[in-house]
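Have a look at the structure below before the remarks.
Order of the sequence lines sets the chain letters (A, B, ...), proteins ahead of strands, with each chain counted from 1.
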Amino acid sequence: GTRIIYDRKMLLQLRDSPYSR
Amino acid sequence: DKIAVPDVPEGEHRLQYSYSLWFMQRGRGSVSSATSDYEDQIKHVGAFSSVEQFWSYYCHIAHPSDLPPHCDIHVFKMGIKPMWEDTANKDGGKWIVRLRKEISSRSWENLLLAMLGEQFIVGNEICGAVISVRPTEDIVSIWNRTASNDSIVGKIRDTLQRILQLPSQTIMEYKAHDQSLKDKSSF
C-alpha cells in the first residue's frame with residue numbers, strides 16, 4: 001500500500017507551526 | 001502491561017507506524033546481562049502515532065547532551081520491545097555509529113526524523129532507534145529485522161550516511177543481535 005512519507009523539512013515545519021495545518 | 005496505540009485526532013498528521021518511547025538508566029557498577037534485569041531497568045515513557053504527538057514528547061524529554069552517562073533512549077515501533085530477544089529482533093541486527101558529544105543530539109534528531117518519515121524505504125524492516133549516552137561519546141543505532149539480508153543492511157547504511165551527514169572518518173559498524181547475545185556486549 002501507500003506509505004506515509006515525510007522529509008525532514010516537513011516534520012520540522014509541523015513542529016514549528018503545529019496549528020497551521 | 002499492554003500499551004494502547006494512541007488515536008490520531010482530526011487535523012494531526014498520521015505517521016506510517018505508531019511508536020513507543022523507552023528510557024533506561026543502567027545501574028552504576030552493576031553489570032548484568034540477565035533479561036529480567038534489563039526489563040526492570042527499561043521504562044516505557046509514552047507512545048505516539050502522529051507527527052504532532054511525537055513533537056510533544058520530543059520537546060519535553062531531555063536531549064542527549066543533557067543526560068548523564070549510561071542513559072539510553074529507545075524509540076521502537078509499537079509491539080516491538082527494545083530487546084534482542086523480541087521476535088521482531090531475534091534475527092536482526094543494528095548499525096552502530098559512534099559520535100562526538102557535540103554532534104550527537106543533532107544526529108539523533110536527524111535519525112529519528114528519517115525513521116518516522118519513512119526515509120529508509122526498506123518496507124517493514126526497521127524496528128527502532130537508540131541513543132546511548134556514554135561518558136566520552138554517544139552512540140546511535142538503528143535496528144532492523146533481518147541481519148542476513150545484505151541488500152537491506154546496505155541500503156540502511158547508505159541512508160544513514162546521507163541523513164546523518166557524517167564526517168568521512170566516522171566508523172560505522174553492523175552487529176547482528178545473535179552475536180551480541182553470544183559475546184554479551186552491545187557495541
Side-chain angles (χ1 to χ4, degrees), chain A, chain B residues 5-19 48-61 63 75 77-78 103 105-126 129 140 142 152 155-156 159-166:
Chain A
T2 315
R3 296 183 90 76
I4 307 170
I5 292 172
Y6 300 98
D7 64 20
R8 182 172 174 274
K9 196 175 153 199
M10 291 159 69
L11 293 171
L12 290 171
Q13 277 170 354
L14 289 168
R15 176 194 64 184
D16 296 336
S17 52
Y19 301 106
S20 65
R21 31 184 186 250
Chain B
V5 178
D7 291 329
V8 178
E10 204 183 323
E12 290 196 359
H13 295 74
R14 179 181 292 280
L15 294 164
Q16 175 70 37
Y17 297 96
S18 297
Y19 292 84
F48 54 89
S49 302
S50 73
V51 178
E52 287 80 359
Q53 289 164 6
F54 162 70
W55 283 125
S56 73
Y57 278 113
Y58 189 80
C59 295
H60 289 99
I61 59 170
H63 287 194
V75 179
K77 284 178 183 166
M78 284 198 77
I103 62 166
S105 286
R106 185 172 175 83
S107 298
W108 169 236
E109 180 176 301
N110 285 339
L111 173 60
L112 283 181
L113 298 188
M115 179 173 77
L116 304 181
E118 288 292 305
Q119 295 292 315
F120 285 93
I121 322 184
V122 287
N124 193 23
E125 267 287 325
I126 302 294
V140 295
I142 183 150
I152 292 275
K155 202 169 171 187
I156 296 170
T159 309
L160 206 51
Q161 274 175 333
R162 178 170 55 82
I163 55 136
L164 295 185
Q165 296 174 319
L166 297 168

Shortest non-hydrogen contact between B:Gln16 and A:Ile4, atoms and distance: OE1-N, 2.6 Å
Heavy-atom closest pair, residues A:Leu12 and B:Glu109: CD2-OE2, 3.7 Å
Per-residue contact mode, B:Leu15 against chain A (heavy atom under 4.5 angstrom): both
Backbone N/O of A:Leu11 and side chain of B:Trp55: donor-acceptor pair under 3.5 Å: yes
Side chain / backbone / both / neither for B:Phe54 at chain A, heavy atoms under 4.5 Å: neither
CG-CE distance between B:Leu113 and A:Met10, expressed to the nearest 0.5 angstrom: 12.0 Å
Pairwise distance CD(B:Glu52) to CG(A:Leu14) - rounded to 0.5 angstrom: 5.5 Å
Donor-acceptor under 3.5 Å (B:Glu118 side chain, A:Tyr6 main chain): no
Partner chain A: residue of B:Ala114, B:Gly123, B:Ser56 with the largest heavy-atom pair count (under 4.5 Å): B:Gly123
Nearest heavy atoms of A:Arg3 and B:Asn124, plus distance in Å: NH2-N, 4.1 Å
